[in-house]
**Q** 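Could you have a look at this structure, given as structure tokens, before my questions?
The chains referred to below are lettered A, B, ... by the order of the sequence lines, with proteins before strands, and numbering in each begins at 1.
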Amino acid sequence: MKIASWNVNSLKVRLPQLTEWAAEAKPDVIALQETKLEDAKFPVDELAAAGYRAVYSGQKTYNGVAILAREEPADVVTDIPGLDDPQRRILAATVGSVRLVDLYVVNGKAVGDEKYAYKLDWLAKVRDFLEEEHKRHPHLVVLGDFNIAPDDRDVYDPVAWGEDVLCSPPERDALKAITALGLHDSFRLFEQDGGHFSWWDYRQAAFRRNMGLRIDLILVGDALKQAVKAAAIDRTPRRWERPSDHTPVTLDLDI
DNA sequence: ATGGTAGGGCACCTA
């Protein structure tokens, strides 16, 4: 099973790129973030024509998550205990033997901002939800836009970035509290070097200069670790005309 | 410290 995650930054704009990329990369499952579409406007028919069933939790203008799969995703969850949140950022579903949790983690704006406090609270509640999900479903995959660079290798200029939002110790600790549940950053099972990023700001020709961060992650539960064949970042769509600021990340599982 | 770009939607907000 090949699983992908992509923050498309507007599914309406990126739909042609999504179908083109999927036809080439052939993932069995794709988790999307920042669809920015209310559910009534989700492109169900276009994605069915591309061979994918879809479940989604969207809203107008902001946020929005979706899971596409060759077969209909089951046991869908869009809201978690303790988080009464109108922002559509979480989607859990089961595809085959794998339980997927798609996350669009709060950006946080800046350390100390009220959005930053919301981010830390949100992450703590998601951790508790993931603990329960992992107990219930050992074949757990947690993926999405985490809006946290796990460590300095995941930052193009860690000195300049310092302890700003996306890199601050409380955020990294919140991510560690999630990986401590027995969830492994699949990319780091294969690659130890820095310089591998999944997001580049639209400004300052950041992609051309590889001024990026690795903030899009696919975490796998202990029980799935031995089934992981490959994990990668596919920068191809970031080179296309009118790209998302994020590029897809992928995981190959031998199941 | 600021602003650069992009998307949504039409004045700014979010990233």
**Q** Between B:dG9, B:dG7, B:dT5, which nucleotide gets closest to the side-chain atoms of A:T61?
**A** B:dG9

**Q** Could you tell me the separation between the CD atom of A:Q59 and the P atom of B:dG8, rounded to a whole number of Å?
**A** 14 Å

**Q** Does the side chain of A:D102 come under 3.5 Å of the side chain of A:Q33 through a donor N or O and an acceptor N or O?
**A** yes

**Q** Taking any heavy-atom pair under 4.0 Å as a contact, classify A:F207: base, sugar-phosphate, or nothing.
**A** nothing

**Q** Would you kindly give the OH-to-C1' distance between A:Y202 and B:dG3, to the nearest whole Å?
**A** 18 Å

**Q** Ignoring hydrogens and angles, state whether a donor on the side chain of A:Y116 or A:S168 is under 3.5 Å from an acceptor on the partner side chain.
**A** yes

**Q** Name the closest nucleotide to the A:K12 side chain, picking from B:dG7, B:dG8, B:dA15.
**A** B:dG8

**Q** Which whole-number value in Å describes the distance from A:E38 CD to B:dG9 P?
**A** 8 Å

**Q** Using atom CZ of A:R242 as one end and atom C1' of B:dT5 as the other, report the distance to the nearest whole Å.
**A** 12 Å

**Q** Salt bridge or not for A:R53 and A:E72, using N-O below 4.0 Å?
**A** yes

**Q** Under a 4.0 Å N-O cut-off, is there an ion pair linking A:K119 with A:E171?
**A** yes

**Q** How is A:R238 classified with respect to the nucleic acid when contacts are heavy atoms under 4.0 Å: base, sugar-phosphate, or nothing?
**A** nothing

**Q** Select one nucleotide: of B:dA15, B:dG4, B:dG8, the one nearest the side-chain heavy atoms of A:Q204.
**A** B:dG4

**Q** Rounding to a whole Å, what distance do you find between A:D245:CG and B:dT14:C1'?
**A** 11 Å

**Q** If only side-chain N and O atoms of A:R203 are considered, is one of them under 4.0 Å from the OP1 or OP2 phosphate oxygen of B:dA15?
**A** no

**Q** If you look at every strand shown and take non-hydrogen atoms under 4.0 Å, does A:K109 touch a base, only sugar-phosphate, or nothing?
**A** nothing

